[in-house]
**Student:** 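After the structure tokens below, expect a handful of questions from me.
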Amino acid sequence: MEGPVIQRPRGTRDLLPPDTRLWQAVEGVAREVFGSFGGEEIRTPVFEPTELFVRTVGESTDIVNKEMYTFPDRKGRSLSLRPEMTAGVARAWIENHLGDRSQPLRLYYIGPMFRYERMQHGRYRQFSQIGLEIIGADTPLADAELLAAMHEFFVRLGFLDLEIHLNNLGDPEDRGRYQEAIRAALAPRRAELCADCQRRLEENPLRILDCKVPACQVIAADAPGMDELAGDASRQHVAKVETHLQRMAIPYVRNHRLVRGLDYYLRTVFEVVSPQLGTNTVLCGGGRYDRLIADLGGPAVPGVGFAIGEDRLVEVLPARFKDAVLARPAVYVVPLGEAAQTQVLELARNWAREGVPVEVEITGRSLKAALKRADREGFRVVAMLGDDEISARTVTVRDLVAGDQSAMPLADLPVWWRALTPVSPPARRGNV
RNA sequence: GUGAGCGUAGCUCAGCUGGUCAGAGCACCGGACUGUGGCUCCGGUGGUCGGGGGUUCAAAUCCCCUCGCUCACCCCA
């Protein structure tokens, strides 16, 4: 072959073993937890009509302005790779008449999203989100249940250091009034704001609240909190959500400067941040979107949801969870000599049928080399079959952790394996 | 879209102001130990020094271009 090797597109990545095991495990926990809260999986197309995202995510947001993978198909229709999932779920809800089913619907999803952005730590052009949406319930109880499911998910993964930030974004009717209030409060100190914030003062005053420039943060602290100017309805709603969270002892902090980047959110909004993520600390974001489905031409049906960034999640997974997942539980089956080679595969298959994970040595390396590999790869058990064993109809089984070995009848291995006392997995070298 | 840094073996890197500079450690394979790991020792596989052009007697080393990667801003998962 000529020419340079083909490389993956910028901002994408190859997920390789053993890391893929972490992804599988995380997704398994998501299915288990969200399923146990009454959730069902939904899968929607990876690309949708561009118009869908323009109308839901918002015309003025960065996501639709400069971050969408938009292209015409062969008939000239404008399509876009989905930059987020909620819009597609809402569209599917309308198109498939899900309103005819018993409400509410709890829908979870796992899949890739696409945003054309410059690469950075924790930011990719193709990234995976795990999300949950509760559609058809406008009660604070729905928000609380959603947050409880989310919290439970993180707990199952062993997270101890995450923070849930919560805020009230008010109702759309309050928004204009609120923006004016911020302008009025900050205009006198305009000169002290950073260049970006001076621009935001005109275009999107809310964004000043979460500016990272320290000087702006000081000034923004004087601005009225969103909650103060929000209508009574939204304030009471969020207050009840908080009551429910407190009752369940789910820790959270009120963050009056929390703003979200999608236009459809109202009332309850929240983020989960990890202190370990460097600059892009947001692991999960979500909120309520009671007007979204109606805005798309559907009935007036409320919803709440969140999306977890799976790439970032895997990056900061607690060590205990990772170690447990990465421990290699298989029995390494090593044939010694010609006669054994004709028998190990069948032997391994029989054990596998009884639920013992096996891996057969098929490269012909020496026993010494095989044991060395078993040690490095983290196998707990090596089963050796040679001429002696064949004539005795036994197998020699070595426990690498205990350092001892014994011969046993071939059929006894599965029982012996299941009786093995679990040992905390040895620390693996690198690569995760 | 804006700004900064970096590209030498699979991985982490050394190689100063151009003249054995193509190296080390780890990893991988093999041997010492002919059917027994984790330690030690020995040996081996492996590199167009990201690519192209220029300066020079001579470039991994200096200059230009290009590709790629990384970090930060913006924004977000």
Side-chain angles (χ1 to χ4, degrees), chain A residues 3-11 13 16 57-58 60-67 82-86 110-131 194-197 199-200 203-204 207 210-213 258-262 271-274 277-286 306-316 332 334-337 340 363-390 396-405 407 426 429-431:
Chain A
V5 291
I6 297 172
Q7 296 176 300
R8 63 179 186 274
R10 173 178 278 175
R13 50 203 200 129
L16 309 171
V57 175
S60 62
T61 59
D62 277 8
I63 292 178
V64 318
N65 264 337
K66 51 182 206 183
E67 294 173 4
R82 62 187 185 197
E84 61 106 36
M85 189 74 172
T86 305
I110 300 170
M113 309 295 155
F114 305 84
R115 262 122 94 157
Y116 190 91
E117 294 187 278
R118 195 103 161 230
M119 273 284 287
Q120 195 182 141
H121 186 210
R123 226 179 55 186
Y124 309 94
R125 290 184 174 180
Q126 174 176 337
F127 57 101
S128 180
Q129 289 189 333
I130 299 174
C194 71
D196 283 327
C197 283
R199 176 176 51 76
R200 292 179 181 127
E203 295 174 8
N204 192 356
R207 279 277 159 215
D210 68 350
C211 181
K212 284 174 190 165
V213 177
L258 173 60
V259 179
R260 305 243 69 237
L262 292 79
E271 285 181 351
V272 177
V273 302
S274 164
L277 276 172
T279 318
N280 297 312
T281 58
V282 180
L283 251 192
C284 170
F306 63 75
I308 295 164
E310 194 175 4
D311 305 73
R312 292 180 186 176
L313 177 72
V314 169
E315 187 184 324
V316 297
Y332 189 36
V334 182
L336 307 168
T363 68
R365 50 159 65 84
S366 67
L367 174 60
K368 178 184 195 53
L371 279 165
K372 181 174 289 194
R373 182 177 118 83
D375 184 55
R376 293 206 172 142
E377 290 298 311
F379 287 99
R380 169 80 186 274
V381 170
V382 177
M384 293 164 279
L385 186 75
D387 294 340
D388 296 347
E389 287 80 4
I390 288 173
T396 298
V397 178
R398 184 172 181 79
D399 180 338
L400 293 190
V401 174
D404 55 26
Q405 68 184 43
R429 281 172 286 273
N431 72 14

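None of the values given here were measured: they were computed from a predicted structure. Below, chains carry the letters A, B, ... as their sequence lines are ordered, and counting in each starts from 1.
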**Student:** What is the nucleic acid contact for A:G131, judged by heavy atoms within less than 4.0 Å: base, sugar-phosphate only, or nothing?
**Tutor:**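 The answer is nothing, as A:G131 stays clear of every strand by at least 4.0 Å.
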**Student:** Is A:A370 touching bases, backbone alone, or none of the nucleic acid, heavy atoms closer than 4.0 Å?
**Tutor:**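 Nothing: the residue A:A370, judged by heavy atoms under 4.0 Å, touches no strand.
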**Student:** Using a 4.0 Å heavy-atom cut-off across all strands, classify A:G122 as base, sugar-phosphate, or nothing.
**Tutor:**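 If one applies the 4.0 Å heavy-atom cut-off, A:G122 turns out to touch a base.
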**Student:** Could you work out which one of B:A77, B:G37, B:C29 sits closest to the side chain of A:V282?
**Tutor:**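 The answer is B:A77.
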**Student:** For a quick check, tell me whether the side chain of A:R123 and the base of B:C71 share a donor-acceptor pair closer than 3.5 Å.
**Tutor:**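 Under the 3.5 Å cut-off, the side chain and the base do not form any donor-acceptor pair.
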**Student:** Measure all distances between protein nitrogen or oxygen atoms and nitrogen or oxygen atoms of nucleotides 32-36 of chain B, and list the pairs falling under 3.5 Å.
**Tutor:**
unit_1 : atom_1 : unit_2 : atom_2 : d
B:C33  : O2     : A:K368 : NZ     : 3.2
B:G35  : O6     : A:D387 : N      : 3.3
B:G35  : O6     : A:D388 : N      : 3.0
B:G35  : O6     : A:D388 : OD2    : 3.2
B:G35  : N1     : A:E389 : OE1    : 3.0
B:G35  : N1     : A:E389 : OE2    : 3.3
B:G35  : N2     : A:E389 : OE2    : 2.7
B:U36  : O2     : A:Q405 : OE1    : 3.1
B:U36  : N3     : A:Q405 : OE1    : 2.9
B:U36  : N3     : A:Q405 : NE2    : 3.0
B:U36  : O4     : A:Q405 : NE2    : 2.9

**Student:** Per the atom types in the model, does the base of B:G38 pair as donor or acceptor with the side chain of A:R373 at under 3.5 Å?
**Tutor:**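 In this structure, the two groups form no donor-acceptor pair.
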**Student:** Report which part of the nucleic acid A:R365 touches: base, sugar-phosphate, or nothing (heavy-atom distance under 4.0 Å, all strands).
**Tutor:**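 The answer is sugar-phosphate, as A:R365 gets under 4.0 Å only of primed atoms, P, OP1 or OP2.
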**Student:** For B:A77, does the base pair up with any side-chain atom of A:E117 as donor and acceptor (N or O, under 3.5 Å, distance only)?
**Tutor:**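 Check passes, donor-acceptor contact within cut-off.
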**Student:** Show me the donor-acceptor pairs within less than 3.5 Å that the side chains of residues 124-131 of chain A make with the rest of the protein, sequence neighbours left out.
**Tutor:**
unit_1 : atom_1 : unit_2 : atom_2 : d
A:R125 : NE     : A:E117 : O      : 2.6
A:R125 : NH2    : A:E117 : O      : 3.2
A:S128 : OG     : A:G111 : O      : 3.4
A:S128 : OG     : A:E310 : OE1    : 2.7

**Student:** Now, which nucleotide makes the Watson-Crick or G-U wobble pair with B:C11, with each of the two distances under 3.5 Å?
**Tutor:**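 Across all strands, the one nucleotide that pairs with B:C11 is B:G25.
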**Student:** What pairs with A:F379 under ring pair (Phe, Tyr, Trp, His ring centres under 6.0 Å), at least two apart in sequence or on another chain?
**Tutor:**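 A:F379: ring pair (Phe, Tyr, Trp, His ring centres under 6.0 Å) contacts with A:Y332.
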**Student:** Under 4.0 angstrom, heavy atoms only, what part of the nucleic acid is A:D62 near: base, sugar-phosphate, or nothing?
**Tutor:**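 The answer is sugar-phosphate, as A:D62 gets under 4.0 Å only of primed atoms, P, OP1 or OP2.
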**Student:** Looking at every strand, decide which applies to A:L262 at a 4.0 Å heavy-atom threshold: base, sugar-phosphate, or nothing.
**Tutor:**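 Since only primed, P, OP1 and OP2 atoms lie under 4.0 Å of A:L262, the category is sugar-phosphate.
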